Amino acid sequence: MMAFSEKDNDLAIDESSERNKMETNMVNLLTVYNASLGEIFKNKARLESIWPVIFSVEQLGYYLNASLKSSERPVLSERKLAQMLYVFETMAIAADKGRSHTNKEVPEIEGYSKIRQEILDLQEALQFCGETTG
């Protein structure tokens, strides 16, 4: 939302508390995942099946962070921003409940096709993960 909304489009990269929180959460996610791999775990295959989700979230974080460095980011319409929120909320609920979901339409972001593609990839990874763990 912050990266592609009109209000925050001119936000300085170093002033973004959302950016800092995203980076902290990424480090914490990878730390927990890697620590879990090193522990004795009953179902290691289940944990390893989550890797595509972890990888996709990491890639998405990288692309979003890179987008913040550009002052030429497009401003998405309220409708597209709402659709993005819907997509992420759907994925979050599915992940929280450990079940699969139906993939939602991800709006185009002019000049940032990798972000859109990574969101699509994340939906697929969550779909597969939900099928194997649910």
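What you are looking at is a predicted structure, and each value in this text was computed from that prediction instead of being measured.
- When the shell of 6.0 Å around NZ of Lys114 is examined, it contains 12 or fewer heavy atoms from other residues, nucleotides or ligands.
- Judged as a side-chain hydrogen bond (donor to acceptor under 3.5 Å, both in side chains), and not counting sequence neighbours, the contacts of Glu23 are Arg19, Asn65.
- Residues satisfying the side chain to side chain contact (heavy atoms under 4.5 Å, CB included) criterion with Glu105, sequence neighbours excluded, are Gln83, Arg116.
- Between the side chains of Thr102 and Lys104, a donor-acceptor pair is found at a separation under 3.5 Å.
- Transitive grouping of hydrophobic side chains (ILVMFWY, heavy atoms separated by less than 4.5 Å) brings Leu85 and Leu122 into a common cluster.
- By the side chain to side chain contact (heavy atoms under 4.5 Å, CB included) test, Glu89 is found to be paired with Ile93, residues two or more places apart in sequence or in another chain being considered.
- For Tyr33, the ring pair (Phe, Tyr, Trp, His ring centres under 6.0 Å) partners at least two apart in sequence or on another chain are Trp51.
- In this structure, Pro74 and Phe4 approach most closely via the heavy-atom pair O-CD2, 3.4 Å.
- A search for side-chain hydrogen bond (donor to acceptor under 3.5 Å, both in side chains) contacts involving Thr24 returns nothing, not counting sequence neighbours.
- The cluster map of Ile, Leu, Val, Met, Phe, Trp and Tyr, joined by side-chain heavy atoms under 4.5 Å apart, puts Val27 and Met22 in different clusters.
- Scanning for side-chain hydrogen bond (donor to acceptor under 3.5 Å, both in side chains) contacts around Ser56 gives Glu118, with sequence neighbours left out.
- The list of ring-ring contact (aromatic ring centres under 6.0 Å, His included) pairs with a residue in residues 75-100, not counting sequence neighbours, is empty.
- Going from atom CE of Met26 over to atom OH of Tyr62 covers 13.0 Å, rounded to the nearest 0.5 Å.
- In this structure, Ser67 and Ala3 approach most closely via the heavy-atom pair OG-CB, 3.9 Å.
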(request) Carefully, step by step, assess Asn103 and Leu120 under the rule side chain to side chain contact (heavy atoms under 4.5 Å, CB included). (result) CA-CA 8 Å; Asn103 292 347; Leu120 292 169; over 6 Å; no
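- In this structure Gln117 satisfies the side-chain hydrogen bond (donor to acceptor under 3.5 Å, both in side chains) test together with Asp121, sequence neighbours excluded.
- No side-chain heavy atom of Ser113 sits less than 4.5 Å from a side-chain heavy atom of Ile109.
- Interatomic distance, CG of Leu60 versus CD1 of Ile119, reported as 5.5 Å (0.5 Å rounding).
- Using a 4.5 Å heavy-atom cutoff, the side chains of Ser5 and Leu81 are in contact.
- For Tyr63, there are no ring pair (Phe, Tyr, Trp, His ring centres under 6.0 Å) partners, not counting sequence neighbours.
- Side-chain heavy atoms closer than 4.5 Å link hydrophobic residues (I, L, V, M, F, W, Y) into clusters, and following such links, even through other members, never connects Val32 to Ile54.
- Take Ser77 and apply the side chain to side chain contact (heavy atoms under 4.5 Å, CB included) test, not counting sequence neighbours, and it matches Arg79, Lys80.
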